[in-house]
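Below is one structure, written out as structure tokens; comments come after it.
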Amino acid sequence: MSSTEVSSTDADRHTPTALIVGASRGLGHAMAAELAARGWNVIGTVRDTAARTLLHDLADRSGGRVLIEHLDINEPAQLAPLHERLAQRELDILFVNAGTTNNETTPIGAVPAAEFAEVMMTNALSPLRVIEALEDLVSPTGLIGAMSSGQGSITNNTTGLREVYRGSKAALNMFMRSFAVRQSGTRRALLLMAPGWIRTDLGGQDAPLTIDETVPEIVDVLLSRLGKPGLAYLDRFGQSVPW
């Protein structure tokens, strides 16, 4: 049995729980499905309370293993009520997947201020608001992570394009770096994940990788970090990405 799977004995003793923020579709939904298939309890958030999503279908098939919560990460007033609803739970993983982008060809000087603010808010500020609001629910030996990108690497930026998106992910990395300093006395694992260019609504249809082939690797990396304190910026193979 792989070390990333949960044995029946372990499941009887403690069924681990993951909160995936932004799990209605794409990578977040696939991560929720993969963790549930490995014996985890999963709480996934959706932004729209009225719309049915892939996460609802997953929850219906899960026998109670997958639960749905509502959260728009850009609405900070929703964080305290979510914390209250989850207050009796201990999370083994808190992972923020939600994100957005803009027109990849627009140079930074031509980006409208409102568009810039939306991408930076969604990709950089809001994930850390979520993490700071909910981090006390995470086990002392659990993992807190966020979906970054290889395009957040300043060192690896040799092509330009997607300038606001790149900047937002670099900012996310910096904010997580600061959070990690404040967490330096804990045993928690902290993770920035660079999953690769994947065929999702955000990644586009030209992306070379599919969700099915990448998400098991992403989840392997998440689970491999449990019990390893400190911050890592890793790709889907568990290799370090240069800052």
Side-chain angles (χ1 to χ4, degrees), residues 18-34 43-48 51 53-55 69-76 78-79 82 93-104 106 108 111 114-134 143-154 156-157 161-177 179 190-207 209-211 214-215 218-219 221-222 231 233-236 241 243:
L19 172 59
I20 307 296
V21 175
S24 61
R25 60 182 180 172
L27 290 178
H29 163 261
M31 290 171 65
E34 182 70 17
I43 305 164
T45 72
V46 299
R47 184 175 58 181
D48 187 347
T53 70
L54 293 173
L55 187 64
E69 283 286 353
H70 170 245
L71 179 67
D72 182 335
I73 65 169
N74 289 339
E75 296 292 339
Q78 294 178 7
L79 288 168
L82 176 61
I93 290 177
L94 165 59
F95 192 87
V96 183
N97 172 69
T100 192
T101 190
N102 70 321
N103 187 324
E104 67 177 38
T106 306
I108 189 65
V111 174
E115 189 174 291
F116 177 86
E118 179 185 5
V119 176
M120 293 295 290
M121 176 78 74
T122 304
N123 290 357
L125 176 58
S126 291
L128 267 295
R129 280 178 168 167
V130 172
I131 287 169
E132 298 211 1
L134 303 180
L143 178 143
I144 298 172
M147 190 66 78
S148 184
S149 170
Q151 294 188 49
S153 168
I154 295 173
N156 285 349
N157 183 6
L161 299 176
R162 306 190 82 180
E163 293 176 20
V164 178
Y165 181 80
R166 288 180 184 275
S168 71
K169 292 300 186 178
L172 170 68
N173 293 351
M174 178 62 79
F175 297 157
M176 275 293 285
R177 208 55 199 257
F179 178 76
L190 304 173
L191 177 65
L192 289 159
M193 169 59 64
W197 188 13
I198 302 172
R199 215 170 300 149
T200 62
D201 289 345
L202 191 149
Q205 292 306 303
D206 292 334
L209 303 171
T210 68
I211 288 176
T214 54
V215 164
I218 291 169
V219 171
V221 173
L222 258 67
L231 177 63
Y233 179 24
L234 303 177
D235 65 18
R236 71 183 190 280
V241 179
W243 298 91

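Closest approach of Ala194 to Gly150, counting heavy atoms only: CB-N, 3.4 Å. Residues Met31 and Ile20 approach most closely at CE-CD1, 4.4 Å, considering heavy atoms. The two residues Arg166 and Leu161 come nearest to each other via the heavy atoms NE-O, 2.9 Å. Annotation for Ser148 and Pro195: closest pair O-CD, 3.8 Å, computed over non-hydrogen atoms. Of all heavy-atom pairs spanning Tyr165 and Asn102, the tightest one is N-OD1, 4.2 Å. Nearest heavy-atom pair, Phe95 versus Met147, reported as atom, atom and distance to 0.1 Å: CZ-N, 3.5 Å.
With values rounded to the nearest 0.5 angstrom, Leu231 atom CG is found 10.0 Å from Phe179 atom CZ. Here Glu118 contributes atom CD and Asn74 contributes atom CG; the two are 7.5 Å apart, rounded to the nearest 0.5 Å. The CD atom of Glu115 sits 7.0 Å away from the CG atom of Asn103 when rounded to the nearest 0.5 Å. Note that CG of Leu172 is 12.0 Å distant from OG1 of Thr122, once rounded to the nearest 0.5 Å. With values rounded to the nearest 0.5 angstrom, Leu192 atom CG is found 11.0 Å from Ser149 atom OG. If you take CE on Met121 and OG on Ser168, they are separated by 12.5 Å, rounding to the nearest 0.5 Å.
Looking at residues two or more places apart in sequence or on another chain, you find a side-chain hydrogen bond (donor to acceptor under 3.5 Å, both in side chains) between Glu69 and Arg85.
Thr101 is not listed as a side-chain neighbour of Val119, based on a closest heavy-atom distance of 4.5 Å or more. Under the 4.5 Å side-chain criterion, counting only non-hydrogen atoms from C-beta, Val130 is in contact with Ile73. Annotation: side chain of Leu19 is in contact with side chain of Val21 (closest heavy-atom distance under 4.5 Å). Between Ser153 and Tyr233 the shortest side-chain heavy-atom distance falls below 4.5 Å. Taking 4.5 Å as the limit, some side-chain heavy atom of Met176 sits within range of a side-chain heavy atom of Ile131. In this structure, the side chains of Arg25 and Thr53 stay at 4.5 Å or more apart for every pair of heavy atoms.
A donor-acceptor pair is defined here as one N or O able to donate and one able to accept, closer than 3.5 Å; such a pair exists between the side chain of His70 and the backbone of Arg47. Side-chain atoms of Asn156 do not come within 3.5 Å of backbone N or O of Gln151 as any donor-acceptor pair.
When the shell of 6.0 Å around CD1 of Ile154 is examined, it contains 12 or fewer heavy atoms from other residues, nucleotides or ligands.
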Decide yes or no on side-chain contact (heavy atoms from CB on, under 4.5 Å) for Glu163 and Thr106, but give the supporting numbers first.
CA-CA 8 Å; Glu163 293 176 20; Thr106 306; over 6 Å; no
